[in-house]
A.B. asks: 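One structure coming up, written as structure tokens, with questions to follow.
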Amino acid sequence: MLALTHELGLRGANALTQAFGVDLTGKVIIDRSQKADLQCAAAMQLAKSLKRSPRELAEVLVKALAEHVAVKSTDIAGPGFVNIHLHDAWLKQNVGNALSLRQIGAGHTVVIDYSSPNVAKPMHIAHIRSTIIGDAIKRVLRAVGYNVIADNHLGDWGTQFGKLIVAYRKWLDEKAFSENPVVELLRLYIKFVDLEKEQKQALGKKLDGDEEDEGAAGDAPPILQEARAELVKLQQGDDENVALWQKFIDVSMREFERVYKRLDVSFDVVLGESFYNDKLASTVQLLLDRGLAEESEGAIVVRFDKARDGEALAPLLVRKKDGGFLYGTTDIAGMLYRVQRWNASRIIIVTDDRQQLHFRQFFAACKQLGVKASMEHVFFGLMRLPEGTISTRDGNLIGLEALLDEAERRATVVAKECNAELTDAETVEIGRVVGIAAVKYNDLSKDRTTLVTFTWDKALSLTGNTAPYLQYAYARIASLIAKGVDAGVSPGELASFEPTERALTMKLLAFDDIVEQVALSSKPHMLCEYLYELAAQFSSFYGELSVLKAEPAVSAGRLRLAQLTGDVLAKGLELLGIGVLSRM
RNA sequence: GCGCCACUAGCUCAGUUGGAUUAGAGCGUCGGCCUCCGAAGCCGAAGGUCGCAGGUUCGAGCCCUGCGUGGCGCGCCA
């Protein structure tokens with residue numbers, strides 16, 4: 001219905017512009033309403049600046065809007081609200097366009113960076129947020145016409161690789177590695193960190209008061225010195241170390257791919273941190289040349305000031321005093337690369353909210369370097385467990401695959417209970433689709449900025465506002481249509497228009513509006529909310545009215561509404577990365 | 001010390017970016033509905049000082065200020 005609200009908004013703005021001689025283009029917004037089909041609050045919003053009474057403006061709007069073919073009547077209510085009632089005939093005629101989306105992204109390229117797991121660490125339940133939310137945003141942006149580049153910015157570089165190489169050579173358990181390489185790598189890493197801590201304590205606490213020398217080789221724990229040496233060799237291209245590093249990446253990617261396949265998540269490119277290695281020195285040089293970076297205590301930093309950058313941010317470190325680079329350097333290099341290579345007008349990066357400061361810093365630096373693209377940090381709240389923060393150290397990781405396994409298992413049990421006619425193979429397939437959907441929807445349906453506390457029962461719930469509810473509505477519709485075919489009823493023009501049918505129609509027509517809002521705000525939960533309301537509206541309609549057992553003309557119309565609902569549900573769920581089933 | 005995010009029903013969350021005398025869902029609780037298109041469902045009930053106090057205006061759960069609680073950040077990790 002976006003097209004209609006836009007038309008009405010334009011019409012209203014033109015009328016006011018003509019009446020008062022002030023250009024008000026774009027100032028009249030048409031909203032949904034509980035009291036009417038649509039409403040307009042512009043009269044009150046604009047009254048003050050025009051020095052007119054809201055009533056006066058409302059009179060103009062009422063007259064202008066009433067002339068549109070879709071509008072049956074208009075009236076003024078309260079302090080100056082304009083209520084708009086639409087013709088039933090118009091709604092019936094236009095409901096078939098519910099699935100068409102304005103291509104607001106046409107001609108634009110957006111790069112979206114999500115998932116981005118760390119190599120050599122298993123994916124656990126917290127990784128699902130970036131992965132699932134990012135993938136849904138990607139699908140929505142594509143649906144509204146953007147050329148989308150989905151980029152998995154792997155954590156495949158950095159100091160941890162020196163540690164891993166040392167630990168691998170010292171303590172590798174071959175058998176464990178061949179059975180589950182990533183778990184073994186995690187064990188090795190933890191073992192290293194434990195030893196490092198031990199040695200540090202043995203060295204005494206004098207390091208605290210002597211920060212100047214902390215980086216000096218002499219005072220660091222021996223094991224850490226070894227790791228640093230291996231890291232330097234790796235960075236210099238030492239064959240053996242590079243081979244090991246590549247091996248870590250390969251085994252990790254194999255595991256990631258397995259998870260992505262189960263989740264139906266995909267990327268266009270996988271450009272990890274290491275991809276930008278050869279661009280870091282020149283990035284720092286560029287910052288220096290532009291006068292944006294300066295030396296400070298041996299390091300190179302970018303400073304910000306309120307007048308130029310809009311806020312007084314802490315400095316961003318781009319080169320350590322030992323010459324090494326940091327992830328801020330990589331991020332800036334990545335931004336420049338993405339803008340140049342793809343000529344992207346939007347860059348979206350999906351990470352948890354702890355990194356907000358970092359993103360504001362590096363976005364500000366990019367702006368100073370002339371990046372014109374819209375840079376958006378799409379952040380989400382951290383996931384925690386009821387007993388506290390998820391941490392590798394505490395060993396309370398819940399593996400992502402374990403979660404998916406359990407989800408499928410529970411959904412399979414329920415599928416068997418609910419539908420005895422299904423074969424075992426069907427039950428397993430349904431359990432798979434429904435279980436994965438439940439996990440995804442659980443994450444997608446909450447505003448991404450809220451902190452979530454993970455519990456099995458919530459994450460795997462199958463009733464109420466969940467994916468299975470939506471899938472169930474779809475399955476019933478599929479069943480209806482099949483029965484309609486048997487009975488010789490096929491979808492046709494809407495004949496009757498009971499209140500529930502009208503409400504369902506209005507809901508269907510809101511689809512394009514919601515999708516556009518998600519594309520602009522990167523908040524998929526709005527689509528979840530909408531689909532849930534749509535399914536609920538359908539369920540009411542279905543409970544209240546007979547579809548196939550009404551008069552033929554009425555049946556055809558109701559079947560059409562059901563079919564459109566099914567189409568929108570399937571399309572909406574597809575945009576969330578969730579599948580549907582015709583039987584469950 | 002500075003900054004970011006949150007605070008809405010017993011619990012988990014929405015609230016269309018400032019709109020309408022009844023602030024909405026789900027779970028849980030209580031009560032109805034399978035002889036009739038799929039009960040993973042439908043209908044109804046109970047449940048609220050929107051963290052607290054001020055402010056802005058025609059109008060505030062939403063914006064501003066202060067405070068409280070929780071979580072997370074703040075130069076050589078990512």
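Proteins get letters first, then strands, A, B, ... in listed order; numbering begins at 1 in each. All values derive from a computational prediction rather than experimental measurement.
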A.B. asks: Any donor-acceptor pair under 3.5 Å between the side chain of Y327(A) and the base of A78(B)?
C.D. replies: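 Checked by distance alone, the answer is yes.
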
A.B. asks: To the nearest Å, give me how far apart NZ (K523(A)) and C1' (C5(B)) are.
C.D. replies: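 Result: 11 Å.
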
A.B. asks: Look at the side chain of N83(A) and the base of A20(B), then say whether one donor and one acceptor between them are separated by less than 3.5 Å.
C.D. replies: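 Indeed there is one.
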
A.B. asks: Rounding to a whole Å, what distance do you find between L451(A):CG and G73(B):C1'?
C.D. replies: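 Atom-to-atom, L451(A) to G73(B), this comes out as 14 Å.
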
A.B. asks: Between R354(A) (CZ) and G70(B) (C1'), how many Å, whole number?
C.D. replies: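 It works out to 16 Å between those atoms.
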
A.B. asks: Look through every strand shown and name the nucleotide pairing with G41(B) as Watson-Crick or G-U wobble, where both distances are under 3.5 Å.
C.D. replies: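 Matched G41(B) with C33(B) under the 3.5 Å cut-off.
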
A.B. asks: Just N and O in the side chain of S540(A): are any of them under 4.0 Å from OP1 or OP2 of C43(B)?
C.D. replies: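 Yes.
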
A.B. asks: My understanding is that a pair needs two contacts under 3.5 Å, Watson-Crick or G-U wobble. By that rule, which nucleotide pairs with G18(B)?
C.D. replies: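 Base partner found: none.
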
A.B. asks: For nucleotides G10(B) and G54(B), find the distance between their C1' atoms and express it as a whole number of Å.
C.D. replies: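 Approximately 31 Å lies between the C1' atom of G10(B) and that of G54(B).
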
A.B. asks: Could you tell me how far U17(B) sits from U12(B) if I compare only their P atoms? Round to whole Å.
C.D. replies: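 Straight-line distance between the two P atoms is 27 Å.
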
A.B. asks: For A46(B), which nucleotide is its Watson-Crick or G-U wobble mate, given both distances must be under 3.5 Å?
C.D. replies: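 Answer to the pairing question: none, since A46(B) forms no Watson-Crick or G-U pair.
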
A.B. asks: Identify whether the distance between the nearest side-chain nitrogen and carboxylate oxygen of R558(A) and E501(A) falls below 4.0 Å.
C.D. replies: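 A salt bridge is present here (some side-chain N lies under 4.0 Å from a carboxylate O).
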
A.B. asks: By a 5.5 angstrom centroid cut-off and a 30 degree plane limit, is there stacking between Y542(A) and C37(B)?
C.D. replies: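 One would call Y542(A) stacked on the C37(B) base.
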
A.B. asks: Using heavy atoms to find the nearest nucleotide of RNA chain B for S296(A) and V547(A) separately, return the residue whose nucleotide is more 5′.
C.D. replies: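 Upstream on the strand: V547(A).
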
A.B. asks: Syn or anti: how is U17(B) classified when any glycosidic angle within 90° of 0 counts as syn?
C.D. replies: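 Syn conformation for U17(B).
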
A.B. asks: Is it true that R32(A) and D37(A) have a side-chain N and a carboxylate O under 4.0 angstrom from each other?
C.D. replies: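 The answer is no: the pair does not qualify as a salt bridge.
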
A.B. asks: OP1, OP2 of G38(B) versus side-chain N and O of S539(A): anything below 4.0 Å?
C.D. replies: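 Negative; the distance criterion is not met.
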
A.B. asks: Taking OP1 and OP2 of C77(B), is either one under 4.0 Å from a side-chain nitrogen or oxygen of K320(A)?
C.D. replies: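 Indeed, a polar side-chain atom of K320(A) lies that close.
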
A.B. asks: Looking only at the side chains, is there a donor atom on one of S539(A) and R476(A) sitting less than 3.5 Å from an acceptor on the other?
C.D. replies: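 Looking only at side-chain atoms, R476(A) and S539(A) do form a donor-acceptor pair, the distance falling under 3.5 Å.
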
A.B. asks: Taking E230(A) first and then K163(A), would you say they form a salt bridge - that is, a charged N and a carboxylate O separated by under 4.0 Å?
C.D. replies: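 Judged by the 4.0 Å cut-off on N to carboxylate O distance, E230(A) and K163(A) do not form a salt bridge.
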
A.B. asks: Which nucleotide, A40(B), C72(B), A78(B), lies nearest any side-chain atom of R384(A)?
C.D. replies: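 The nucleotide sitting nearest to the side chain is C72(B).
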
A.B. asks: Taking OP1 and OP2 of C42(B), is either one under 4.0 Å from a side-chain nitrogen or oxygen of Y469(A)?
C.D. replies: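 True: Y469(A) side-chain N/O within range (under 4.0 Å) of C42(B) OP1/OP2.
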
A.B. asks: Does the structure show a Watson-Crick or G-U wobble partner for C63(B), both distances under 3.5 Å? Name it, or say none.
C.D. replies: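 Partner of C63(B): G55(B).
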
A.B. asks: Using a heavy-atom cut-off of 4.0 Å across all strands, would you classify Q34(A) as base, sugar-phosphate, or nothing?
C.D. replies: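 Base contact.
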
A.B. asks: Any Lys/Arg nitrogen of R410(A) or D457(A) sitting under 4.0 Å from an Asp/Glu carboxylate oxygen of the other?
C.D. replies: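 Salt bridge flag = yes for D457(A) with R410(A).
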
A.B. asks: Under 4.0 Å: is that the gap between some side-chain N or O of H153(A) and OP1 or OP2 of A78(B)?
C.D. replies: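 No, no such contact exists.
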
A.B. asks: C13(B) pairs with which nucleotide, Watson-Crick or G-U wobble, both distances below 3.5 Å?
C.D. replies: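 Checking every strand shown, C13(B) finds its partner in G24(B), with both distances under 3.5 Å.
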
A.B. asks: Distance only, no hydrogens: is a donor on one side chain within 3.5 Å (strictly under) of an acceptor on the other, for D331(A) and H358(A)?
C.D. replies: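 A donor-acceptor contact under 3.5 Å links the two side chains.
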
A.B. asks: Measure CZ/F362(A) against P/C4(B) and give the value in whole Å, please.
C.D. replies: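 Value for this atom pair: 20 Å.
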
A.B. asks: Charged N to carboxylate O below 4.0 Å: is that the case for D447(A) and K523(A)?
C.D. replies: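 A salt bridge links D447(A) with K523(A).
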
A.B. asks: Taking pairing as Watson-Crick or G-U wobble with both contacts under 3.5 Å, can you name the mate of G70(B), or confirm there isn't one?
C.D. replies: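 C5(B) - that is the nucleotide pairing with G70(B), both distances being under 3.5 Å.
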
A.B. asks: Tell me the interatomic distance from Q45(A), atom CD, to U17(B), atom P, rounded to whole angstroms.
C.D. replies: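 Result: 10 Å.
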
A.B. asks: Which part of the nucleic acid, if any, lies within contact of A487(A), taking any heavy atom under 4.0 Å across all strands shown: a base, the sugar-phosphate backbone alone, or nothing?
C.D. replies: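 Touches nothing.
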
A.B. asks: For a quick check of understanding: with a heavy-atom distance under 4.0 Å over all strands, which category does A473(A) fall into, base, sugar-phosphate or nothing?
C.D. replies: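 If one applies the 4.0 Å heavy-atom cut-off, A473(A) turns out to touch nothing in the nucleic acid.
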
A.B. asks: Using a 4.0 Å heavy-atom cut-off, does T449(A) contact any base of the nucleic acid, only the sugar-phosphate backbone, or nothing at all?
C.D. replies: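 Since only primed, P, OP1 and OP2 atoms lie under 4.0 Å of T449(A), the category is sugar-phosphate.
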
A.B. asks: According to a strict under-4.0 Å criterion, is K48(A) in side-chain N/O contact with OP1 or OP2 of C58(B)?
C.D. replies: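 K48(A) to C58(B) OP1/OP2: side-chain N or O found under 4.0 Å.
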
A.B. asks: By the 4.0 Å heavy-atom rule, please label L480(A) as base, sugar-phosphate, or nothing.
C.D. replies: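 Base, at least one base heavy atom under 4.0 Å.
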
A.B. asks: Is Y532(A) stacked on the base of A25(B), meaning ring centres closer than 5.5 Å and planes within 30 degrees of each other?
C.D. replies: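 No, Y532(A) does not stack on the base of A25(B), since the centre distance and plane angle fail the 5.5 Å and 30° test.
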
